[in-house]
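When reading the values below, keep in mind they use all heavy atoms of this one structure, side chains included, and skip hydrogens, waters and symmetry mates. Residue indices begin at 1 and follow the sequence shown.
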Amino acid sequence: MIHEKQQAGKMTSFRWTIVVMLFFATTINYLDRQVLSLTWDEFIKPEFHWNESHYGTITSFFSIFYAICMLFAGRFVEWMGTKRGFLWAIGVWSVGACLHAVCGVITQHYVGLHSAAELAAATGDVAVVIATISMWSFLVARGILALGEAGNFPAAIKATAEYFPKKDRAYATSIFNAGASIGALFAPLTIPPLAKHFGWEMAFIIIGALGFIWMGFWVFLYDKPAKSKRVNVLELEYIEQDKREKTEEENKKNEEKMPFWKCFSYKQTWAFAVGKFMTDGVWWFFLFWTPSYLNMQFNIKTSEGLGMALIFTLYAIVTVLSIFGGKLPTIFINRSGQNPYAARMKAMLIFAFFPLAVLLAQPLGMEFAHLGRNAAWIPVLLISIGCAAHQAWSANLFSTIGDMFPQGAIATVTGIGGMAGGIGSMILQKGAGNLFVYAGETNMTFLNFEGKPAGYFIIFCICAVAYLIGWCIMKALVPKYKLITD
């Protein structure tokens, strides 16, 4: 409580330390996801005889299992509390990340072979069995990874709501959410070299172990603001400024856990879920498939200098631009006095137009094909604009929950939205994988593109318009700000 804390002449800023911790957790989260996408095409695919359908099955399973887990992860965090809930989440996903490394050993044991070279050299029915068994092994490891990773955003959003007043939450969220971009940014600089020099298995183990280091810091640093020794009375007053506008009874009710079923009775829940369903798959598609796209379209591997430079540049742009996305609603609020929800929806509408740039990625890449492999810079830069817009959109979308729901429902509603996002991603990932195989086998044509490039262009078109469609549905469901108090 405030009266239990010592007065101090200057306000502490420990809330930003918490944001830094959330940032690193999200960075690790996305590093762990990226290991597979940066190793499968060059290292894992030849060893296990995979095609795009196998990879699409694995990524889509991760998406749907992640979605199911998200539905309950929010409730789990509400039950366990932010501190313990986050520890469980990152502990489980770190174990899952490391377990990917044993999939090759399991496959070798099952088929009776003794090395990766023997697996890669297999043919006929043996190659089919290797592809199937290895895929199922990865599905199990991916499931454990998804189980833990589902807790990241519910716990992070809840921690942000505990440590920041409403007006600052979008900015704080945009900072920790930038960890997704940073994770994707450092992934191509670390994972392919690790896989190339030490084997793809060690890449999973080394990156997966980072989560255990983070847990050690979290145990000692995190407590609720009112209980934290690192938060003085002035900072606590700043954090809890929204509470001063409410009665003690209203504040108590705000902390109470909302029944799970009741969350589905609000249009605000469905608006958030639609926003996630329409757009999460876009981000995950570019996260999972961009390395493969560069290899297919431009013959650029992630382990070579140009491949690492392209992926690094993509996510460097995403990182820089996405942080400012969370600041835009605060500017609207300060200048016009708009309520947080109206300001966020205005910002999200602006961000929804930027992914349209992805429509030009394939046409311009083909137009400048005479530049050879350097033509890849054009689609990468356009994709980076769409990805940056997604992260800015996502930071504001997450913050709409804290604007309208009591704290006791934030993690649960975040989980429901995460489930919707995972379902949307599953559909897009599996559909993309099957489409690419079909396009390659039938030499499908779409506009001026043939084969797999035609398949990629179709998916790019879907990604480009998803945000505007999602925004329109959200606005129709919740046209004006309405705080949930019952």
Side-chain angles (χ1 to χ4, degrees), residues 36-46 48-64 127-128 131-132 134-135 138-139 278-302 307 310-311 314 355-373 375-383 386-387 423-466 469:
L36 180 60
S37 66
L38 289 168
T39 55
W40 90 273
D41 202 34
E42 186 174 351
F43 302 100
I44 297 175
K45 179 181 176 181
F48 296 131
H49 307 276
W50 288 358
N51 59 25
E52 286 87 351
S53 181
H54 292 105
Y55 182 63
T57 297
I58 292 170
T59 56
S60 64
F61 171 78
F62 175 86
S63 299
I64 188 59
V128 174
T132 303
S134 61
M135 183 186 73
F138 271 86
L139 287 175
M278 292 299 302
T279 61
D280 270 18
V282 177
W283 169 253
W284 285 18
F285 170 77
F286 287 122
L287 195 72
F288 292 150
W289 289 93
T290 297
S292 184
Y293 166 70
L294 292 175
N295 192 16
M296 180 280 303
Q297 186 75 36
F298 302 100
N299 194 30
I300 297 173
K301 294 180 171 60
T302 55
L310 286 165
I311 301 297
L314 191 160
L356 295 177
V358 176
L359 290 171
L360 301 174
Q362 279 281 71
L364 290 181
M366 184 174 68
E367 180 70 22
F368 291 92
H370 61 278
L371 297 176
R373 301 206 305 169
W377 285 103
I378 297 171
V380 163
L381 291 174
L382 293 170
I383 289 170
C387 289
I423 293 173
S425 181
M426 176 204 69
I427 295 171
L428 188 60
Q429 308 310 317
K430 184 59 178 175
N434 288 343
L435 176 61
F436 299 153
V437 171
Y438 173 79
E441 291 176 348
T442 63
N443 201 31
M444 182 185 74
T445 60
F446 182 74
L447 297 182
N448 292 325
F449 300 98
E450 296 182 3
K452 290 182 182 179
Y456 273 97
F457 186 55
I458 291 172
I459 300 298
F460 284 179
C461 291
I462 295 172
C463 294
V465 301
I469 296 173

Let's go through Val358 and Val282 carefully: what are the C-alpha distance in whole Å and the side-chain angles of both, what is the deciding distance for side-chain contact (heavy atoms from CB on, under 4.5 Å) to 0.1 Å, and is it a yes or a no? CA-CA 11 Å; Val358 176; Val282 177; over 6 Å; no

For the pair Tyr293 and Phe288, evaluate ring-ring contact (aromatic ring centres under 6.0 Å, His included) and give the outcome as yes or no after the intermediate values. CA-CA 10 Å; Tyr293 166 70; Phe288 292 150; over 10 Å; no

Mind running side-chain contact (heavy atoms from CB on, under 4.5 Å) on Ile423 and Ile64 for me, showing each step along the way? CA-CA 5 Å; Ile423 293 173; Ile64 188 59; 3.8 Å; yes

Dump the intermediate steps for side-chain contact (heavy atoms from CB on, under 4.5 Å) on Phe62 and Gln429, then the final yes or no. CA-CA 10 Å; Phe62 175 86; Gln429 308 310 317; over 6 Å; no

Quick one, Asn51 with Phe436, criterion side-chain contact (heavy atoms from CB on, under 4.5 Å). Give me CA distance, side-chain angles, the key distance, then yes/no. CA-CA 10 Å; Asn51 59 25; Phe436 299 153; over 6 Å; no

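Put simply, the side chain of Met444 reaches to within 4.5 Å of the side chain of Leu435, judged on heavy atoms. By the 4.5 Å heavy-atom criterion applied to side chains, Ser425 and Trp283 are not counted as neighbours. Side-chain contact between Ser53 and Lys430 is present, with heavy atoms from C-beta onward closer than 4.5 Å. By the 4.5 Å heavy-atom criterion applied to side chains, Pro379 and Phe298 are counted as neighbours. Using a 4.5 Å heavy-atom cutoff, the side chains of Trp289 and Glu52 are in contact. Between His49 and Val128, the closest side-chain pair of non-hydrogen atoms is not below 4.5 Å.
Contact between Ala131 and His54 at its shortest, heavy atoms only, is CB-NE2, 3.8 Å. When all heavy atoms are compared, the tightest approach of Pro453 to Phe449 is C-CB, 4.0 Å. Here the closest heavy-atom approach between residue Leu38 and residue Pro291 is recorded as CD2-CG, 3.7 Å. The two atoms that bring Leu359 and Ala464 nearest to each other are CG-CB, 3.6 Å, heavy atoms only. In this structure, Cys387 and Leu314 approach most closely via the heavy-atom pair SG-CD2, 4.3 Å. Of all heavy-atom pairs between Ala376 and Leu294, the closest is CB-CD2, 4.2 Å.
Remark: Phe285 CZ to Asp280 CG distance equals 15.0 Å, nearest 0.5 Å. The structure places CG of Leu360 at 12.5 Å from CG of Leu381, a figure rounded to the nearest 0.5 Å. Interatomic distance, CD1 of Ile378 versus CG of Leu364, reported as 6.0 Å (0.5 Å rounding). A distance of 4.5 Å separates SG in Cys463 from CZ in Phe286, rounded to the nearest 0.5 Å. Rounded to the nearest 0.5 Å, atoms CG (Leu447) and CD1 (Ile458) are 8.5 Å apart. In this structure, CG on Leu139 lies 7.5 Å from OG1 on Thr57, to the nearest 0.5 angstrom.
Looking at Ile383, Thr290, Val380 one by one, the single match for side-chain contact (heavy atoms from CB on, under 4.5 Å) with Leu310 turns out to be Val380.
The closest side-chain donor-acceptor pair between Trp50 and Ser134 falls under 3.5 angstrom.
Gln362 places no side-chain N or O within 3.5 Å of a backbone atom of Tyr456 that could act as its donor or acceptor partner.
Taking the six-membered ring for Trp and thresholds of 30 and 60 degrees, Phe48 and Phe138 have ring planes more than 60 degrees apart, a perpendicular arrangement.
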